[in-house]
Amino acid sequence: MPHKDPCQKQACAIQKCLQANKYIESMCEDVIREMRRCCETHGADKSICCSGFSKEQKNIENKSAT
């Protein structure tokens, strides 16, 4: 039986928040922050939901290094 994604709850919370707030990201900063925290803890190797957040973090790191 496949393991449950450790960050699925946070990913679903983001979708629910965005839908409820007409996709205005600034209205969902708290749930997005929780997702980032989960991804920092578990990483994209354990959570498929974190794959986009991992890429985002690498882009931020690359921009700050230049």
Side-chain angles (χ1 to χ4, degrees):
M1 188 166 127
H3 295 281
K4 184 178 178 191
D5 192 309
C7 299
Q8 183 176 3
K9 178 181 173 185
Q10 289 83 357
C12 290
I14 289 173
Q15 289 302 312
K16 185 176 179 180
C17 181
L18 288 171
Q19 288 172 355
N21 291 291
K22 298 181 182 173
Y23 293 89
I24 300 170
E25 286 185 35
S26 61
M27 300 292 290
C28 300
E29 288 178 357
D30 55 335
V31 291
I32 294 170
R33 195 174 306 115
E34 287 299 316
M35 180 70 178
R36 284 194 179 107
R37 195 171 296 136
C38 185
C39 290
E40 287 172 5
T41 302
H42 298 286
D45 57 325
K46 293 182 183 170
S47 172
I48 190 71
C49 295
C50 292
S51 62
F53 280 87
S54 297
K55 291 175 187 174
E56 176 186 282
Q57 185 61 36
K58 286 179 185 177
N59 286 340
I60 291 169
E61 290 170 1
N62 290 338
K63 286 180 182 178
S64 65
T66 56

If I compare all heavy atoms of Ile48 with all of Asp5, which pair ends up nearest, and what's the gap?
N-OD2, 3.0 Å

Look only at the side chain of Asn21 and the backbone of Cys28, and say whether a donor-acceptor pair between them is shorter than 3.5 Å.
no

On a heavy-atom basis, the closest approach of Val31 and Cys17 is CG2-CB, 3.9 Å

All heavy atoms of Met35 vs all of Ile14, minimum pair found to be CB-CD1, 3.4 Å

Pair Arg37 + Glu40: basic N to acidic O under 4.0 Å
no

Are Glu29 and Ile32 packed together at the side-chain level, in the sense that at least one heavy-atom pair is separated by less than 4.5 angstrom?
no

Among Gln10, Gln15, Gln8, Lys9, exactly one meets side chain to side chain contact (heavy atoms under 4.5 Å, CB included) together with Cys12. Which residue is that?
Gln8

Does the distance from Cys39 SG to Cys7 SG come in under 2.5 Å?
no

